[in-house]
Amino acid sequence: MRRIGSLLFILAAAFSVSAQQKTKKDTVSLGEVIVSASRKPEVLDKVPSSVTVVTRKTLERDLTITTDITEILANEVPGLAPSAQTNSNVGQSLRGRSVLIMIDGIPQSTPLRNGEVDLRSIDPAVLERVDVLKGATAIYGNGATGGLINYITLKPTNAGPISGKTTLNLTGSLTSPKNSLGGRVGQLLYGKLGKFDYTVSGVYEQNGEFKDAKGNILGNNYSLGETESYNAFVKLGFEPTSRQRIQLMYNYYSSQQNSNYTLVNGDFLTGKPATGVLGKQPGEPTGVKGNHNVQLSYKADSLIGGTSLYADAYYASRDDIFYVSIGRFEGGDGQSHTLAKKQGFRFMFNSPLMNHASAMGSLSYGADVLHDVTSQPLVDGRVWVPEMKMFNLAPFAETEWTFLDNIILKGGVRIEKVNIGVEDYTTLRITNATGGTVTPSFAVKGGDLKYTATLFNAGLRYNRFPLFTPYASFSQGFSVSDVGLALRDAKVDNIDKINTEAVLVNNYELGFVSKYKQLRFELTGFVSTSKLGAEMVYDAATDLFNVARTPERIYGFEAAVQYSPVHNLDLGASYSYVEGKADTGRIDDKYDAYLNGRRIGAPKIGASVHYRPISGFEVGLQYTGIQERDRFVKLPSGLYKGNEGIVKAYNLVNFNASYRLTKNALVTLGVENVFNEDYFPARSQWFMIPGFYSKGKGRAFNIGIAVNY
């Protein structure tokens, strides 16, 4: 690994560092966590819907094993489909539908041209927690038909003028260490100076080669092997009074692969995995070339009549580079990238309506304004998907009532007004392997696409009995279709003739929470329906994937339990099941066709054990089991239709340990895939595409040290 000598030197030197400030112990119970499940912060125990909170403590544990946020979330969040262990999160749906990714409420997803690379938008080291709101919702705008994932960034608490944390890690394969060593350096500084506070962080990470259970290099299409990642984060806060706060946040994230290998395709029929041979990788490095987020926010409490105000303005831009498509375009090869720029302004007031011993009520109201420009050109300048300019205005209102201290009732409405402008453009001629025309090049007349939707949500929760706390909710989500996909595959001369109608989803949820001493159990069932689908269907005649706009019904359930039988032992387990069908128009059955693997994740089991035998020492095991999903019939060739491959079960176990050398120095050890399971990740199995038919990582290690001061 490049720079390995210097990293090892720094790692050794760090063991002698000592500091004076004691680290803060995480003693907050899950129910007390403040979450962003609505537009105003609220306690989790008052949310009438299913929310998973990945806390800072959980993130720190998982970071001792892997820094891949797609894996961390797949292991921790019931209902989220398995990770593909790549730069792409294709198929990593939430409850079978698309998920809106945000950083402090700033949208990272690009619904206009969904490249499905938005989960890797920030380094997890700068996160305070991750809020995962499940089920269709529109509280933050369009794109959250399956739910939303909000990355909440760090903010200093109880800090002196200067505090900090330095982390150093060494990573590599245990099945074939040669050329697999990688390293990570992180520096965090934070503090408070009177009315001013700050958080500054920098992270650099370089991965070596990723190997499978047999020591072979993984196929390098979007592989996280041989990647270099950078994250720079700054948050500045100023509180002129105890009831006001002004905050400026900036984050930059980049993660690109610079591989020394060229791809060797796999073969689904023979079980041969994709791998690589030494040689120059064609095109530019793939991955996140640059993801910028800037946010200026203002919060004021106790204005006239007890009203509070939150307002923010933000700018976000990202450039994601995809792999080279050999011989796909007129003129030969082509490599595309999605370019997206967002500018937004939001404001929300929250006013008390009643404050009585038997009833308390409040009203939140405001509006969101968003301007989004997204395109997908080729890196050489050829236009594949032209610029789409979206203007989105959405006023909203939500009311919350608490009766007799235990009955919580919520209801809200949001009106989405969307206009997408596209100028005249010319499609690229798409060719097959022999150079023949699949779709010709022709001129398409542009214009405006307009959408209007009125969305509602309602929820009820009863908190009287800790042993049985039921909740029920109805919510609607809205998303413009993947307009860019329709534009690039256009077979008509006018965008008015392209089926770009938006998707409106109804989500119904019923669940309960049971608490008894140190035991917490939650069970949730859900159904979501839509009159229009967004299913990607393979057309054998054209060798293309097209959007099928058919009605859909998705259903399932999730169960999760946490238990601490003694003070130094934490146990956890979860199970999630999701299934979905589409109505293809047959008379005998309204929903007669299963949705494919790109939409529906296989059933998933999770479990964890964390034990602290002595003060300052912790060991843990984490289990993730992906179950079989076999819903489709093989073709005569032995293959399945696109995205319909059988997912065979596999089981992964991770290990982590930490030991406090001194009051402020913590050493860590993580082992990924402890039993060296030889497997294909779920996406490889249902996708079956030769260039992506890659195995999962074999046994790998991560050793590190963290020093607080």
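Note that the structure is predicted; figures quoted are calculated from it, not measured.
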**Q** Between Arg414 and Asp368, is there a salt bridge with N-O shorter than 4.0 Å?
**A**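 A salt bridge links Asp368 with Arg414.
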
**Q** Check whether any side-chain N or O of Arg39 sits under 3.5 Å from a backbone N or O of Ile139 as a donor-acceptor pair, and report yes or no.
**A**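 Yes: the side chain of Arg39 pairs with the backbone of Ile139.
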
**Q** With a 3.5 Å distance limit and no angle check, can you tell me whether Asn463 reaches the backbone of Asp45 through a side-chain donor-acceptor pair?
**A**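 Pair found, side chain donor or acceptor close to backbone of Asp45.
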
**Q** Got a salt bridge between Arg488 and Asp482, using NZ or NE/NH1/NH2 to carboxylate O under 4.0 Å?
**A**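 No.
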
**Q** Using only atom types and a distance under 3.5 Å, with no angle test, would you say the side chain of Thr584 pairs donor to acceptor with the backbone of Ala593?
**A**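 Not a single qualifying donor-acceptor pair exists.
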
**Q** What heavy-atom pair brings Lys40 and Asn350 nearest, and what distance separates the two atoms?
**A**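 Heavy atoms of Lys40 and Asn350 come nearest at CD-ND2, 3.3 Å.
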
**Q** Can a salt bridge be assigned to the pair Asp68 and Arg120 using a cut-off of 4.0 Å between side-chain N and carboxylate O?
**A**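 A salt bridge is present here (some side-chain N lies under 4.0 Å from a carboxylate O).
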
**Q** Any donor-acceptor pair under 3.5 Å linking the side chain of Arg318 with the backbone of Lys289?
**A**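 A pair under 3.5 Å: no.
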
**Q** Go through the steps for Asp319 and His337 under the test side-chain hydrogen bond (donor to acceptor under 3.5 Å, both in side chains), then give the verdict.
**A** CA-CA 7 Å; Asp319 182 355; His337 59 148; 2.9 Å; yes

**Q** If we count only N and O atoms by modelled type, under 3.5 Å, do the side chains of Thr399 and Lys410 hold a donor and an acceptor together?
**A**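 Short answer, no.
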
**Q** Flag the pair Leu370 / Tyr314 as yes when at least one side-chain heavy-atom distance between them is below 4.5 Å, and no otherwise.
**A**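 A side-chain contact exists here, since the closest heavy-atom pair is under 4.5 Å.
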
**Q** Measure the spacing between OG1 of Thr153 and CG of Asp104 and express it to the nearest 0.5 Å.
**A**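 That separation rounds to 3.5 Å.
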
**Q** So, for Ser375 and Val385, which heavy atoms are closest and what is the spacing to 0.1 Å?
**A**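 Looking at all heavy atoms of both residues, the closest pair is CB-O, 3.6 Å.
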
**Q** Would you give the length of the straight line joining atom NZ of Lys134 to atom OG of Ser528, rounded to the nearest 0.5 angstrom?
**A**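 Nearest 0.5 Å value for the NZ-OG distance: 14.0 Å.
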
**Q** For residues His292 and Tyr250, is any side-chain donor paired with an opposing acceptor at under 3.5 Å?
**A**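 His292 vs Tyr250: donor-acceptor pair found between side chains.
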
**Q** Could you go step by step and tell me if Ser88 and Arg683 meet the side-chain hydrogen bond (donor to acceptor under 3.5 Å, both in side chains) rule?
**A** CA-CA 11 Å; Ser88 167; Arg683 192 186 77 175; 3.3 Å; yes

**Q** If you look at every heavy atom in Glu400 and Ile408, which pair is closest and at what distance?
**A**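 Looking at all heavy atoms of both residues, the closest pair is OE2-CG2, 4.3 Å.
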
**Q** Show, in sequence, the C-alpha distance, side-chain angles and deciding distance for Ser109 and Asn114, and conclude whether the side chain to side chain contact (heavy atoms under 4.5 Å, CB included) test is met.
**A** CA-CA 7 Å; Ser109 305; Asn114 188 4; 6.0 Å; no

**Q** Hey, are the side chains of Glu509 and Ser50 touching, using non-hydrogen atoms and a 4.5 Å cut-off?
**A**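 Yes. Closest side-chain heavy atoms under 4.5 Å.
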
**Q** For the residue pair Ser308 and Arg243, confirm or rule out a side-chain donor-acceptor distance under 3.5 Å.
**A**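 No, because no side-chain N or O of Ser308 sits under 3.5 Å from a partner of the opposite role on Arg243.
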
**Q** Does Tyr508 reach the main-chain N or O of Gly525 with its side chain, forming a donor-acceptor pair under 3.5 Å?
**A**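 Such a contact is absent between Tyr508 side chain and Gly525 backbone.
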
**Q** Between Glu116 and Asn89, do the side chains contain an N or O donor and an N or O acceptor separated by less than 3.5 Å?
**A**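 No.
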
**Q** Ser479 and Thr145: side-chain donor and acceptor closer than 3.5 Å?
**A**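 Judged by distance alone, the side chains do not pair up.
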
**Q** List the steps and the verdict of ring-ring contact (aromatic ring centres under 6.0 Å, His included) for Phe238 and Phe196.
**A** CA-CA 5 Å; Phe238 177 65; Phe196 175 80; 7.7 Å; no

**Q** Any salt bridge linking Arg599 with Glu552? Criterion: basic side-chain nitrogen under 4.0 Å from a carboxylate oxygen.
**A**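 Salt bridge between Arg599 and Glu552, a charged N being under 4.0 Å from a carboxylate O: yes.
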
**Q** Applying side chain to side chain contact (heavy atoms under 4.5 Å, CB included), name anything that partners Ser297, two or more places apart in sequence or on another chain.
**A**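 With neighbours one apart ignored, the set is Gln247, Tyr310, Asp312.
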
**Q** Working note: Leu119 + Ile101, criterion side chain to side chain contact (heavy atoms under 4.5 Å, CB included); need CA distance, chi angles, decisive distance, verdict.
**A** CA-CA 7 Å; Leu119 268 177; Ile101 310 299; 3.4 Å; yes

**Q** Could you tell me whether the side chains of Asn392 and Asp372 share a donor-acceptor contact shorter than 3.5 Å?
**A**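 On atom types as modelled, these side chains do not qualify, holding no pair under 3.5 Å.
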
**Q** Could you pull out all residues at least two apart from His371 that satisfy side-chain hydrogen bond (donor to acceptor under 3.5 Å, both in side chains)?
**A**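 Expected list: none.
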
**Q** How close do Thr70 and Ser83 get, heavy atom to heavy atom, and via which atoms?
**A**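 Nearest heavy atoms, Thr70 then Ser83: OG1-OG, 3.0 Å.
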
**Q** With under 30° as parallel and over 60° as perpendicular, where do the rings of Tyr555 and Tyr577 fit, or are they tilted in between?
**A**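 The arrangement is tilted - the two ring planes meet at 30° to 60°.
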
**Q** Indicate the atoms forming the closest heavy-atom contact of Ala394 with Glu416, along with that distance.
**A**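 It is CB-OE1, 3.8 Å.
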
**Q** Would you call Asp301 and Lys299 a salt bridge, taking side-chain N to carboxylate O under 4.0 Å as the test?
**A**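 Answer for the salt bridge query: no.
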
**Q** With no hydrogens and no angle check, just 3.5 Å: does a side-chain donor-acceptor pair link Arg95 and Ser576?
**A**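 No, no side-chain donor-acceptor pair sits under 3.5 Å.
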
**Q** Kindly indicate, with the supporting measurements, whether the criterion side chain to side chain contact (heavy atoms under 4.5 Å, CB included) is fulfilled by Val483 and Leu449.
**A** CA-CA 10 Å; Val483 176; Leu449 304 172; 4.0 Å; yes

**Q** Quick one: pull up OG1 in Thr110 and CG in Asp118 and give me the separation to the nearest 0.5 Å.
**A**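 CG of Asp118 is found 6.5 Å from OG1 of Thr110.
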
**Q** Report the relative orientation of the aromatic rings in Phe347 and Phe345; use parallel for angles under 30°, tilted for 30 to 60°, perpendicular for over 60°.
**A**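 Rings of Phe347 and Phe345: tilted, as their planes differ by 30° to 60°.
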
**Q** Have Asn293 and Gln108 got a donor and an acceptor in their side chains that come within less than 3.5 Å?
**A**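 Side chains of Asn293 and Gln108: pair found under 3.5 Å.
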
**Q** For Arg245, is there an ion pair with Glu239 - N to carboxylate O distance below 4.0 angstrom?
**A**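 So Glu239 pairs with Arg245 through a salt bridge.
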
**Q** Are Lys235 and Asp197 packed together at the side-chain level, in the sense that at least one heavy-atom pair is separated by less than 4.5 angstrom?
**A**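 A side-chain contact under 4.5 Å is absent here.
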
**Q** With a 3.5 Å distance limit and no angle check, can you tell me whether Asn406 reaches the backbone of Leu404 through a side-chain donor-acceptor pair?
**A**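 The answer is yes, because a donor-acceptor pair under 3.5 Å joins these two groups.
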
**Q** Just by modelled atom types, is the Leu532 backbone N or O under 3.5 Å from a matching donor or acceptor in the Ser530 side chain?
**A**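 Side chain of Ser530 to backbone of Leu532, a donor-acceptor pair under 3.5 Å: yes, one is there.
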
**Q** Can you pull the ring pair (Phe, Tyr, Trp, His ring centres under 6.0 Å) pairs that have at least one residue in residues 93-118, sequence neighbours excluded?
**A**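 Sorted result for residues 93-118: empty, none.
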
**Q** Would you find a donor on one side and an acceptor on the other, under 3.5 Å apart, between the side chain of Lys604 and the backbone of Leu80?
**A**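 At least one qualifying donor-acceptor pair exists.
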
**Q** Assess, by modelled atom type and distance only, whether the side chains of Tyr365 and Ser351 contain a donor and an acceptor separated by less than 3.5 Å.
**A**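 There is such a pair (donor and acceptor under 3.5 Å, judged by atom type) between the side chains of Tyr365 and Ser351.
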
**Q** Gln376 vs Ser336, test: side-chain hydrogen bond (donor to acceptor under 3.5 Å, both in side chains). Steps then yes/no.
**A** CA-CA 6 Å; Gln376 188 183 12; Ser336 70; 3.1 Å; yes

**Q** For Gly96 and Ile600, work out which heavy atoms get closest and say how close.
**A**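 That would be CA-CD1, 4.0 Å.
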
**Q** Please confirm whether the backbone N or O of Ser317 pairs with a side-chain atom of Lys341, one donor and one acceptor, at under 3.5 Å?
**A**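 Absent.
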
**Q** Any side-chain donor paired with an acceptor under 3.5 Å for Ser255 and Ser229?
**A**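 On atom types as modelled, these side chains qualify, holding a pair under 3.5 Å.
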
**Q** Between Ile407 and Thr402, does a side chain to side chain contact (heavy atoms under 4.5 Å, CB included) hold up when you go through it step by step?
**A** CA-CA 5 Å; Ile407 301 173; Thr402 301; over 6 Å; no

